[in-house]
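Below is one structure, written out as structure tokens; comments come after it.
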Amino acid sequence: MNSMPKKMKGIQLIGHGGTEMLQYREDIAVPTPAKNEVLIKVSAAGVNNTDINTRTAWYSKGAGDTDDASWSGNALTFPRIQGADVCGVIVAVGDGVSDSRIGERVLVEPCLREAKGKVLETPWYFGSECDGGFAEYTLVATKHAYAIKSSLSDVELASFPCSYSTAENMLTRANVTAQDTVLISGASGGVGSAAIQLAKARGAFVIAITSPSKNDQLLALGADQVIARNADLVDALGENSIDVVIDLVAGEQWPQFLQLLKPGSRYAVSGAIGGALVELDIRTLYLKDLSFFGCTVLEPEVFKNLVQRIERQEIQPVVAESFPLDAMNAAQDMFLKKQHVGKIVLEVC
């Protein structure tokens with residue numbers, strides 16, 4: 001660490017609120033790796049819904065009370081460096097980590113089961129319960145820094161960790177196979193576009209819900225069929241026509257998903273951008289023998305499997321735009337307009 005700079009550039013979230021709570025600084029202390037940790041020089045970091053949801057305290061279920069406003073349901077501590085999607089290079093290691101790891105190009109697993117030298121009872125999320133990748137350097141337990149061998153650029157690789165691991169986790173939990181017809185809501189976003197590719201990699205028949213202006217892009221990603229997000233899904237597809245729903249939207253359309261699902265089929269959810277409160281007729285749930293999967297914590301094998309799929313070129317990055325680190329507000333503005341397909345990435349170093 002003797003040759004490392006003492007200060008770094010980064011973006012600190014100083015509290016819940018609007019974009020004025022994001023402060024670009026050039027005097028943040030460079031962290032020092034503790035036991036079993038690695039220090040990563042960040043090359044690129046992706047922008048996610050979770051960054052905005054955390055900033056605005058969307059995860060909090062209490063009116064005006066932000067004591068449960070993180071992924072884990074705990075209060076955040078400020079300032080916090082966000083950024084769950086990281087591609088970079090290991091430049092220093094703590095005790096217990098081989099020096100041979102220095103120089104490795106890595107992707108960070110965003111769902112952390114170990115941090116600050118201890119095994120966590122409740123998983124943390126990179127950039128939420130601990131500092132993440134919107135800075136020149138970041139720390140993570142060595143087990144969560146996965147070496148990657150790929151000809152893809154750093155920006156392209158930074159589009160994978162959060163969105164693709166979320167999608168792969170949903171498909172894993174729902175046990176998607178080549179025999180399944182899979183319906184994906186919010187299919188043009190980072191997780192949705194990832195789910196299209198990953199479901200196709202499993203051999204499934206994929207139907208994507210999106211706005212018509214994005215049809216061609218999603219078909220090019222591998223979707224077998226696209227359907228407009230304001231369509232009557234039951235009229236378009238028919239009752240009992242779907243084996244698995246991968247839902248990132250929820251909202252008013254949600255009851256139709258249960259009509260579409262075949263008896264004995266599966267529903268997996270990891271987002272609610274269309275509205276978190278839905279109407280459930282509990283009779284449909286039990287009379288059709290449906291299985292519901294709420295998906296946040298990654299299954300242990302998910303990130304390793306994702307890295308292997310990247311290295312085997314079974315999936316491709318979908319980058320809508322990249323911005324410099326100090327243009328975070330512009331990146332989030334573009335993100336919130338929801339006119340893009342794929343990921344928005346910050347170039348850090």
Quiz item: In terms of the angle between their ring planes, are F292 and Y267 parallel, tilted or perpendicular, with boundaries placed at 30° and 60°?
Solution: tilted
Practice problem: Would you sort out whether L280 and W254 count as a side chain to side chain contact (heavy atoms under 4.5 Å, CB included), showing the intermediate values? | Solution: CA-CA 8 Å; L280 168 62; W254 192 86; 3.7 Å; yes
Exercise. Determine yes or no for a side-chain-to-main-chain donor-acceptor pair under 3.5 angstrom, with Q253 supplying the side chain and R229 the backbone.
Key: yes
Quiz prompt | Minimum side-chain heavy-atom gap L290-S265 below 4.5 Å | solution = yes
Exercise. For L76 and S128, run side chain to side chain contact (heavy atoms under 4.5 Å, CB included): C-alpha distance rounded to whole Å, both residues' side-chain angles, the deciding distance at 0.1 Å, then the answer.
Key: CA-CA 7 Å; L76 261 70; S128 179; 4.2 Å; yes
Practice problem: Quick one: closest heavy-atom pair of R80 and G127, and the distance? | Solution: CG-O, 3.9 Å
Quiz item: Are V89 and V348 co-members of a hydrophobic cluster defined by side-chain heavy atoms under 4.5 Å apart?
Solution: no
Practice problem: Answer yes when D154 and R105 have at least one side-chain N-carboxylate O distance shorter than 4.0 Å, and no when they do not. | Solution: yes
Quiz item: Which heavy-atom pair separates G133 from F126 by the least distance, and what is that distance?
Solution: N-CE2, 4.1 Å
Quiz item: Once the angle between the rings of H340 and F335 is folded into 0 to 90°, is it parallel (under 30°), tilted (30 to 60°) or perpendicular (over 60°)?
Solution: tilted
Quiz item: Say you draw a straight line from CG of D180 to CG of N175; how long is it, rounded to the nearest 0.5 Å?
Solution: 7.5 Å
Exercise. Nearest 0.5 Å please: distance from the CG atom of L107 over to the OG atom of S165.
Key: 10.0 Å
Quiz item: Quick one: does D85's side chain get under 4.5 Å of V345's, heavy atoms only?
Solution: no
Self-check item: Exam field: side chain Q197 to backbone Q316, donor-acceptor pair closer than 3.5 Å
Solution: yes
Quiz item: Is S159 close to V318 at the side-chain level, that is, under 4.5 Å between some pair of heavy atoms?
Solution: no
Quiz item: Is the side chain of D99 donor-acceptor paired with the backbone N or O of V93 at a distance under 3.5 Å, no angle test?
Solution: no
Quiz item: Are any of the side-chain heavy atoms of L152 and P317 separated by less than 4.5 Å?
Solution: yes
Quiz item: Crowded around K304 NZ? As in, over 12 foreign heavy atoms under 6.0 Å?
Solution: no
Exercise. Consider only side-chain heavy atoms of I, L, V, M, F, W and Y, link residues closer than 4.5 Å, and tell whether I196 and V341 are in one cluster.
Key: yes
Quiz item: Taking the side chain from D224 and the backbone from V206, do they hold a donor-acceptor pair closer than 3.5 Å?
Solution: yes
Exercise. Answer whether the closest heavy-atom distance between the side chains of F303 and C111 falls below 4.5 Å.
Key: no
Exercise. Look only at the side chain of S185 and the backbone of I209, and say whether a donor-acceptor pair between them is shorter than 3.5 Å.
Key: no
Exercise. Looking only at non-hydrogen atoms, find the nearest pair between Q259 and K288 and report the distance.
Key: O-NZ, 3.4 Å
Quiz item: Any chance CD of Q313 has more than 12 other-residue heavy atoms, nucleotides or ligands included, within less than 6.0 Å?
Solution: no
Quiz item: Looking at NZ of K200 and CD1 of I315, how far apart are the two atoms once the value is rounded to the nearest 0.5 Å?
Solution: 15.0 Å
Quiz item: Is it true that R202 and E168 have a side-chain N and a carboxylate O under 4.0 angstrom from each other?
Solution: yes
Quiz item: Counting distance only, does the side-chain N/O of S193 pair as donor-acceptor with the main-chain N or O of G190 below 3.5 Å?
Solution: yes
Quiz item: Can you list the steps and then say if Q332 with R55 is a side chain to side chain donor-acceptor pair (under 3.5 Å)?
Solution: CA-CA 11 Å; Q332 288 197 356; R55 169 170 57 77; 2.9 Å; yes
Quiz item: Applying the 4.5 Å side-chain criterion to the ILVMFWY set and letting contacts propagate, would I11 and V155 be lumped into a single cluster?
Solution: no
Quiz item: What distance separates M170 CE from T296 OG1, expressed to the nearest 0.5 Å?
Solution: 9.5 Å
Practice problem: Could you give me the CA-CA distance, side-chain angles and deciding distance for K343 and V47, then say whether side chain to side chain contact (heavy atoms under 4.5 Å, CB included) is met? | Solution: CA-CA 7 Å; K343 290 301 294 286; V47 176; 6.0 Å; no
Quiz item: Among the clusters formed by ILVMFWY side chains lying less than 4.5 Å apart, do V182 and V234 turn up in the same one?
Solution: no
Quiz item: Any side-chain heavy atom of C87 within less than 4.5 Å of one from E156?
Solution: no
Quiz item: So, the side chain of Q23 versus the backbone of Q12: is there a donor-acceptor pair under 3.5 Å, distance only?
Solution: no
Practice problem: Could you pull out the closest heavy-atom pair between T166 and S270, with the gap in Å? | Solution: CG2-OG, 3.3 Å
Practice problem: Taking D51 for its side chain and N48 for its backbone only, find out whether a donor-acceptor pair lies under 3.5 Å. | Solution: yes
Quiz item: What's the shortest heavy-atom distance between T172 and E299, and which atoms?
Solution: CG2-CG, 4.4 Å
Quiz item: Between E114 and H144, is any pair of side-chain heavy atoms under 4.5 Å apart?
Solution: yes
Quiz item: Got K118 and L120 here, is their nearest side-chain heavy-atom distance under 4.5 Å?
Solution: yes
Self-check item: Of I40, L139, V97, the residue whose pairing with P33 passes side chain to side chain contact (heavy atoms under 4.5 Å, CB included)
Solution: L139
Exercise. Quick one: pull up CG in L22 and CD1 in I81 and give me the separation to the nearest 0.5 Å.
Key: 12.0 Å
Self-check item: Same apolar cluster (I L V M F W Y, side chains within < 4.5 Å links), I207/L248
Solution: no
Exercise. Kindly compute the distance separating CD (E109) from CG (L298), expressed to the nearest 0.5 Å.
Key: 5.5 Å
Self-check item: Worked verdict on R101 versus V106 for side chain to side chain contact (heavy atoms under 4.5 Å, CB included)
Solution: CA-CA 10 Å; R101 294 219 67 184; V106 295; 3.9 Å; yes
Self-check item: Nearest atoms (heavy-atom pairs only) where W124 meets E129
Solution: CG-CB, 3.4 Å
Quiz prompt | N36 (side chain) donor-acceptor with G117 (main chain) under 3.5 angstrom | solution = no
